[in-house]
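Here is the structure we will look at.
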Amino acid sequence: MLWNTSVLSTLSSDTEPSVVVTFDSAKYLFNVGENTTRSYLQSRQTWRKTKALFVTSISTQRTSGLPGLLMTFADSGQSKVHIAGPSGLLHLIASMRRYTYRENLDVTLSEIPLVPGDRPVYKDENIVVHAFPISPLHGSSDTPEHPVQPDGHPSTLKRKRNGSPESHDRPTKRGTRVTMSPESSPSISELMARSDFDPISLSGEMAQAWRRHIVKLMFPSTLVPLSSGENSGQGPKGKRKGKDRAVQPSADEPPNTTHICQPPGLRRSLPCPERSLVGTPETFMRPTVAYAIHGPRVRGKFDAQKAEALGLKHGPLRAMLTRGQSVTVKVDDGHGNMIDREIKPADCIAEGPLPGVVLLFDTPTLAHIPGLLAGFADDGPFAKYWQIDSKDHVVRVVYHLCGDDVLEDERYKIFMNQFGPDVHHLVASRRHLSDPVTFTSAAYCQLRLNQLDSNIFPLPKFSMNAERPLRDVAGLPVNTRPMHAGLSVGLHPPRPPAENENNDELDLFHPAVRSDRPLPLPDSTLASFAEAQAAVQLSSKGYDVETIPGKDVVVCTLGTGSAIPSKFRNVSGTLIHIPKHGYVLLDAGEGTWGQLVRKYGTDPSSDVWQVLRDLKCIFISHIHGDHHIGLSKLLAMRQRLDLPADDPLYLVANHTVFQYLRDFEGLETLGLRADCRNPVVTISAESIHWLRNGPQSRSVGFMCDVIAFPWCLSGNCRSMAALCTSLGLQSMTTVDVEHRTICHGLIIKHADDWSIVYSADTVPVNRLVQAGQNATLLIHEATMADEEAEKARAKMHSTVSQAVDIGKQMNAYSTLLTHFSARYPAMPQSMLTKHGDGDPFVALAFDHANIRIGDMPKMHAYTAAIEQNFTDLEEDDARTQVAEVDIT
């Protein structure tokens, strides 16, 4: 049976480490950090056949890509997945309830308790997975040289020789099986019937029962297990009938769990997780999990000569024998009598190789090292993996996910060297890895457009050199190498780490940008670039940029796609830079943090941390995942600022977003608590409605905020005044638009007499026109091409021409189109006409573009050249992969 492990993504500016274990019939993914789905697309790998997901930590670092991947699974036809992780996993999944509802997905969850046990956390026909929780030892991070407890010091951790196989008979504690318990259902039903029931008041097993109930509502296909907690092995349930059947959401759009087919209970908050189970929510100071993945024992080769000698001729009996079945044949006893002879597989099949084992350790701080070492002490659950001459397994590869300073700690280096000389060590440590661009297709396109205009299309920040290469770290095992994306290790047959042979073919960016020669472009592209540049020179004589209000305000389009990322576009995110004041972020889809780091880098001259410090406001338009999944990662990173920001960050959103964040903050600090180093101030989107003194101020969404979530409105007026002062604004207001859930657009009016209108996701609506009259810049969604008008209406989106028409009706100076469907890998047919007198300057948005408001006429003039550039780019399998999912 062939199987291997490979690195899907590594530690970089835009990804976190994730490892795929691959068999012909199944795949298993370890860690689901941000941009996991996009990493699959870029690498031409597929998520299909994924049976199980495992996470080492309940944190934004390890799980930010989980909701997006689950929705991708469901929308691409996958029906079942098992997820395992530390305590808190159930709370994490339940916190996603307002935007990950999928009727057709069967999800089985397994929480790994803080007390290790001998029994596996997962087992099927391919792999057996054991887990060991690692709790940080507070205080040890400041004194790494200080001896730890005797059973955890490296000098006492000796390898065993000829040890007996581990016994599985003694009683152990099992992980909580996160599926609906029949015993808990009646009590939960009784509680839900009470008008004064508030799940926040629950604790212990009742709190877990409520979370299981929520997960069951999120994924109705999930099976109820047997009372023993074991998987029944049955397939998904059939379709429900009658009133219990939920309406199947469209695969083309995140489902509307706010307005339609929302099961009872999803609106209620979650009880806060107990600290004793999930650790502290502070950055990194929480338990992690180490995994050991055992492969199957492969049968040895069939010995035909032995079979012949035993009387087994060619035929079907041999096939039965190779399948592990004993057979009976007629043989001569030497005296002319025919007798029955039983032949067992061991009689003529050689003993196969020992099962290969893969180990994966997540050690984010020095404080986690003692806990890891304790697991390998003589009585530790992972001690057997240091056993020499084991008759049960052979360790082939160890993946090390190391935080700052961990790899160079002497205890950790001694630990690594305790493994056998043939074990391969693959290391993900920020200081010791280079930082090449992950999404090279998009970067290569940016490199080409850089020749059209280097200011509007700057190159992404990257580094091909590690701060301290592994070769400079003394004392590491010989077989230690960096954990690069695409690096694979064969387990059967055993093969050393090897680079993906397609890496060079997939990566056109790095060879081109490092070349001393100019990037060769097709003649058609060069000609279109020259024509566009000449047109800009000519047209610039017709208007005075200096007279344009807000000419120096910069629109940084971080993500310009919709629903899922594509080859050239990430999902929604638009950064507004107001010179001398700061930044406003409009929506934050998955991967927004990585897009920011690639744009600004970590060099002090253009530091992303300073941008984060100067970020004054984030506006989240609605709860659909492609507009907010990146928010929690962004807020978590903000808590790591060495110097706290001078001003708080103001978050404008509706109650569904706030509810998700408050639930998630039980697992990781995001800034919503008043005592945080970098606090976040929440402002209800409904409370700043542009008609807040009229009838619209009592809309459904507003009443939801007031009645169900009164904390959303606390101090909104004072907060908004402070926000406007910090950004030099005259006002910031919202307008309700028409989408498949509560959704708001945003109107920003500056004291310097310029304004920006952001449509969010919507069909064309007159309210937006009224609220944004005479805007300097309209940023409007244009999800569909014009020929898809009916589909756009059905999915509550706009076409290109509809968005352009809204700009005309608004009398906007310029219109920037964004949020393009993934069915257009490069760009939709723009159908943009020449600029007429009085018409807005219209342009299409692209990831990582720097567009000053004063440059909008340029962007309009560049349209044909950009289209030609994409036409000349070779299409690859990413188009097919996106078309198969076909969402939005």
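These numbers come from the heavy atoms of this one structure, side chains and all, not from hydrogens, waters or symmetry mates.
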- Test: Lys51 and Asp124 ion pair at under 4.0 Å: yes

Sorted by chain and number, sequence neighbours left out, side-chain contact (heavy atoms from CB on, under 4.5 Å) with Pro86 holds for Val55, Ile58, Val289

| Can you find a pair of side-chain heavy atoms, one from Lys216 and one from His213, that are under 4.5 Å apart? | no

- Between Asp24 and Lys49, is there a side-chain N and carboxylate O pair less than 4.0 Å apart? no

The side-chain contact (heavy atoms from CB on, under 4.5 Å) partners of Asn479 (sequence neighbours excluded) come to His424

The side chain to side chain donor-acceptor pair (under 3.5 Å) partners of Ser18 (sequence neighbours excluded) come to Ser9

Sequence neighbours excluded, the answer for side chain to side chain donor-acceptor pair (under 3.5 Å) partners of Thr5 is Tyr399

Correct closest heavy-atom pair for Met218 and Leu266 would be CG-CD2, 4.2 Å

With sequence neighbours left out, the residues meeting ring pair (Phe, Tyr, Trp, His ring centres under 6.0 Å) with Phe30 are Phe54, Tyr291

Handout entry: Val20 and Leu29, any side-chain heavy atoms less than 4.5 Å apart
Key = yes

Those residues at least two apart in sequence (or on a different chain) that pass ring pair (Phe, Tyr, Trp, His ring centres under 6.0 Å) with His628 are Tyr99, Tyr660

Do Ser95 and Asp663 meet the criterion of a side-chain donor-acceptor pair at a distance under 3.5 Å?
-> no

Residue set satisfying ring pair (Phe, Tyr, Trp, His ring centres under 6.0 Å) with Phe132, at least two apart, ordered chain then number -> Phe382

Can you confirm if the aromatic rings of Phe415 and Trp386 lie within a centre distance of less than 6.0 Å?
yes

pair His294-Pro355: side-chain heavy atoms closer than 4.5 Å:
no

Interatomic distance, OG@Ser57 vs CD@Glu16, rounded to 0.5 Å, equals 10.5 Å

Hits for ring pair (Phe, Tyr, Trp, His ring centres under 6.0 Å) against His425, two or more places apart or cross-chain, chain-then-number order -> His400, Phe419

Contacts of Thr15 meeting side chain to side chain donor-acceptor pair (under 3.5 Å) (sequence neighbours excluded), chain-then-number -> Ser12

| said: Does any part of the side chain of Thr46, heavy atoms only, come nearer than 4.5 Å to the side chain of Tyr40, both counted from C-beta? | reply: no

So salt bridge (charged side-chain N to carboxylate O under 4.0 Å, His left out) across residues 25-41, not counting sequence neighbours, yields Glu34-Lys633

* Hey, is Arg481 close enough to Glu499 for a salt bridge, meaning N to O under 4.0 Å? -> yes

Hits for side chain to side chain donor-acceptor pair (under 3.5 Å) against Thr440, two or more places apart or cross-chain, chain-then-number order -> Gln42

In this structure, CZ of Arg102 is separated from OG1 of Thr72 (nearest 0.5 Å) by 8.5 Å

By side-chain contact (heavy atoms from CB on, under 4.5 Å), Gln78 pairs with (sequence neighbours left out) Thr50, Phe73, Val81

Between Phe376 and Leu372 the two heavy atoms that sit nearest each other are CD1-O, 3.5 Å

